[in-house]
**Student:** 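Following this message is one structure expressed as structure tokens.
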Number of protein chains: 2
Amino acid sequence: MNKRRITSKELAKLAGVSSATISRAFSPDSRIGSATRDRILAVAREHGYQPNAIARSLNNQRSRLVALVVNAIGNPCEAEEQQLLVHRLQARQLLPIILCCADHDDRLQLMRLASTYQVDHVVIFSDMVSMQDAVDIFHTTKPIMVSFEPLDNEKVSSVRIDGSAAADEIIDKIASDGKKRFAYLSGTKSSWIDKLRRKWFVDALARRGLTLQAEAFGDYSYDSGFKESVLLLHRAKVDAIICGNDVMAIGARDAARRVLGKNTPDDIAIVGQDGIAMAAWDCNDLTTLSLDHVAFIDAVMELIERHDAELEGPHSITLTCTARWGSTA
Amino acid sequence: MNKRRITSKELAKLAGVSSATISRAFSPDSRIGSATRDRILAVAREHGYQPNAIARSLNNQRSRLVALVVNAIGNPCEAEEQQLLVHRLQARQLLPIILCCADHDDRLQLMRLASTYQVDHVVIFSDMVSMQDAVDIFHTTKPIMVSFEPLDNEKVSSVRIDGSAAADEIIDKIASDGKKRFAYLSGTKSSWIDKLRRKWFVDALARRGLTLQAEAFGDYSYDSGFKESVLLLHRAKVDAIICGNDVMAIGARDAARRVLGKNTPDDIAIVGQDGIAMAAWDCNDLTTLSLDHVAFIDAVMELIERHDAELEGPHSITLTCTARWGSTA
DNA sequence: ATGCAGTGTGCATACGGTTACACAAATGAA
DNA sequence: TTCATTTGTGTAACCGTATGCACACTGCAT
């Protein structure tokens, strides 16, 4: 508070050495006598000295800060991944700065702000950010786009998701239960990921000569899943709803059960996507196209490590989804 | 990528002025000719120049970084609050650094790391951090402890929660429905908040001459809520379970229904705490002791603003919880 | 013409570290 | 013993920006 933090120069005086020596005491592999180092560390501890990371970053050209651009913090699917990623970053002594924003212009503003902090890495967890914007704003830091559109761009690394096989499996099961009238309940209209996910299922249907009988758009929330499903079920006769994520699927399941009196899986099949922990709760037990979150974050960390190692060129990793079987389809 | 970020000195050369003038062009209220400023801003835009926030922080002694110490990112209750807080911080051009850690030693380590970044504010959302540790580690930044133990410490500001009136109301309703045998399902044993919450209900029971008939400890997760409730209901005859948070309450509800065949609210009353959005979902419709998240974050921001304004002394704000009535009690 | 307030700019220094270079002392080899 | 090498430390320059101070210039009243 009132008491200012002690600087290396002051500590140098206290320890009877130069500030360069103080610096060396705190740099693991630098030429310094071990007796000197021990003495300095003792004095440092005594006075609560820690090197100033801001000053160090300025000098190093390395801030050890990582910008995480996310759509939302509460969203369960992202949250599980964010949590894993934050832990992994921290284990490498990297500090995550969260950029979380719904509005488009604010988001760009925010990314510009973060870029002035000379972040070492940028992980874009949001499909609401265009690759071009990311590259422009962080022009000195190669961004990592997560589950992003498969455009090739030499300035971007990415983790991509392939759920087509799992979608095929799920449609197969539902169709063999005798259901033929499928609806798709999308997340946001503007989301690229949503279009990709939808495509997996549409293609899977096409392979069996089926097409979507109805379609609706929500916003990934429970409420939108509930409300849109009510409307959907009133206007179209369908016996299966594929939802853009698990939370909407839970909403759809509730809508079918409470408003229409239809139960899963007999009257109607309901499928989610993400494979969040909540999907496996006893009260939900959702059939869902799920992704291994750990593998996912492993992939992100691998890209970060590649960037750190200054390996040339961008890189991209593709992960495959699997079906999780519950009692809703 | 390879192209280094341009510095103020380089831009100065390009614009035919000194670097001091560049700096002034980017400082809203400093003596500079408006023609010069406009020209500089134009050249800056052209070359993608933005002042380096790290260097600026070093000079200013003000980083505009805020450390957020949280237990977890996924936990729905915290997540809703975190999301609100992050938005509010960003609106003030403050960047949040998330420190998220389960392990005690790692957490202290992490806090020390963040403190070297000269964060302007520290918000401790975790009841797993002792006030003393917070003060010691961030000795130049007065921490803000959120819903923390009501110890008075001149170096700490805090937001406190009072749910005693709401607990009273809830117990009143349940007792008047004829239920007398209450159990309490705690979150973690070591959590201070958990003890506080439990006390509200124990006191409310005492006022009616009732005591807890059984008790169990979980870890705030659905699974622990489910598992502990099964054990609890097998070993004790109770007709009401008060849970440490909403997620555990959902687990308890499922356990009662699926394993014991007991339905709420007739066979058993189940009460949550937090008032997360999910509690109001149709499939849950939980009765819960809930907190107004917006008011809560307003309080946190008020404390941050007080610190910014260098108002003397710590300050603490107490918020009152309310009952949310659902169909589980 | 003189003095004076106000305005716009540059110079130099500070912020708190890191590190290339120089140099002395210690070590080892001959 | 002498020279080469290694080791430990200090000096000084630098990272990129902000700002106090000095100075030149303008405009205006005296």
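Everything numeric here is computed off the predicted structure, so don't read it as measured data. Just so it is clear: chains get the letters A, B, ... in the order the sequence lines come, proteins before strands, and each one is counted from 1. Basis for what follows: all heavy atoms, side chains included, without hydrogens, waters or symmetry-related copies.
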**Student:** Do any N or O atoms from the side chain of A:S158 and from the backbone of A:R160 form a donor-acceptor pair under 3.5 angstrom?
**Tutor:**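 Checking the backbone N and O of A:R160 against the side chain of A:S158, no donor-acceptor pair under 3.5 Å is found.
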**Student:** Tell me if a side-chain donor or acceptor on B:R37 pairs with a main-chain N or O of B:R24 at a distance below 3.5 Å.
**Tutor:**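 The answer is yes, because a donor-acceptor pair under 3.5 Å joins these two groups.
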**Student:** Starting at CD1 of A:I54 and ending at C1' of C:dT18, how long is that distance when rounded to a whole Å?
**Tutor:**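 My rounded result for the distance is 15 Å.
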**Student:** Is there a donor-acceptor pair closer than 3.5 Å between any side-chain N or O of A:R107 and the backbone N or O of A:M128?
**Tutor:**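 The answer is yes, because a donor-acceptor pair under 3.5 Å joins these two groups.
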**Student:** When you check the side-chain N and O atoms of A:D308 and A:H121, is any donor under 3.5 Å from an acceptor?
**Tutor:**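 Yes, side-chain donor-acceptor contact under 3.5 Å.
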**Student:** What is the distance from NZ of A:K13 to P of D:dG10, rounded to the nearest Å?
**Tutor:**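 After rounding, the gap between these two atoms is 13 Å.
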**Student:** Determine whether a donor-acceptor pair (N or O, by modelled atom type, separation under 3.5 Å) exists between the side chain of A:H47 and the backbone of A:A44.
**Tutor:**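 No; zero donor-acceptor contacts below 3.5 Å.
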**Student:** Could you give the CZ-to-P distance, from A:R37 to D:dT7, as a whole number of Å?
**Tutor:**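 Atom CZ in A:R37 sits about 14 Å away from atom P in D:dT7.
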**Student:** Nearest whole angstrom, please: distance from the C1' of D:dG10 to the CD1 of A:I40.
**Tutor:**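 Rounded to whole Å, this separation is 12 Å.
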**Student:** Strictly under 3.5 Å: I want the nitrogen or oxygen pairs between protein and nucleotides 15-19 of chain D, one per line.
**Tutor:**
| unit_1 | atom_1 | unit_2 | atom_2 | d |
| --- | --- | --- | --- | --- |
| D:dT17 | OP1 | B:Y49 | OH | 2.9 |
| D:dT17 | OP1 | B:N52 | N | 2.9 |
| D:dT17 | OP2 | B:S8 | N | 2.4 |
| D:dT17 | OP2 | B:S8 | OG | 3.1 |
| D:dT17 | O2 | B:N59 | ND2 | 2.8 |
| D:dA18 | OP1 | B:R56 | NE | 2.4 |
| D:dA18 | OP1 | B:R56 | NH2 | 3.0 |
| D:dA18 | OP2 | B:S23 | OG | 2.5 |
| D:dA18 | O5' | B:S23 | OG | 3.4 |
| D:dA18 | O4' | B:N59 | OD1 | 3.0 |
| D:dA18 | O4' | B:N59 | ND2 | 3.1 |

**Student:** What does the inter-axis angle of the helix from C:dA1-D:dT30 to C:dA30-D:dT1 come out as, five pairs per end, nearest 10 degrees?
**Tutor:**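 End axes: 50° apart.
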**Student:** Counting distance only, does the side-chain N/O of A:Q82 pair as donor-acceptor with the main-chain N or O of A:A72 below 3.5 Å?
**Tutor:**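 Side chain of A:Q82 to backbone of A:A72: a pair is present.
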**Student:** Nearest 0.5 Å, please: how far is CD1 in A:I98 from CG in B:L68?
**Tutor:**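 That separation rounds to 9.0 Å.
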**Student:** Between B:Y49 and B:F26, is the ring centre distance below 6.0 Å?
**Tutor:**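 That pair passes the under 6.0 Å test.
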**Student:** Is a donor on one side and an acceptor on the other found under 3.5 Å between the side chain of A:D120 and the backbone of A:S63?
**Tutor:**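 Yes, the answer is positive, given that a donor and an acceptor are paired below the 3.5 Å cut-off.
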**Student:** Kindly compute the distance separating CD (A:Q83) from SG (B:C100), expressed to the nearest 0.5 Å.
**Tutor:**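 So the CD of A:Q83 and the SG of B:C100 are separated by 4.0 Å.
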**Student:** Show me the protein contacts with nucleotides 4-8 of chain C, counting only N or O atoms at under 3.5 Å.
**Tutor:**
| unit_1 | atom_1 | unit_2 | atom_2 | d |
| --- | --- | --- | --- | --- |
| C:dG8 | N7 | B:R31 | NE | 3.2 |
| C:dG8 | N7 | B:R31 | NH2 | 2.9 |
| C:dG8 | O6 | B:R31 | NH2 | 2.6 |

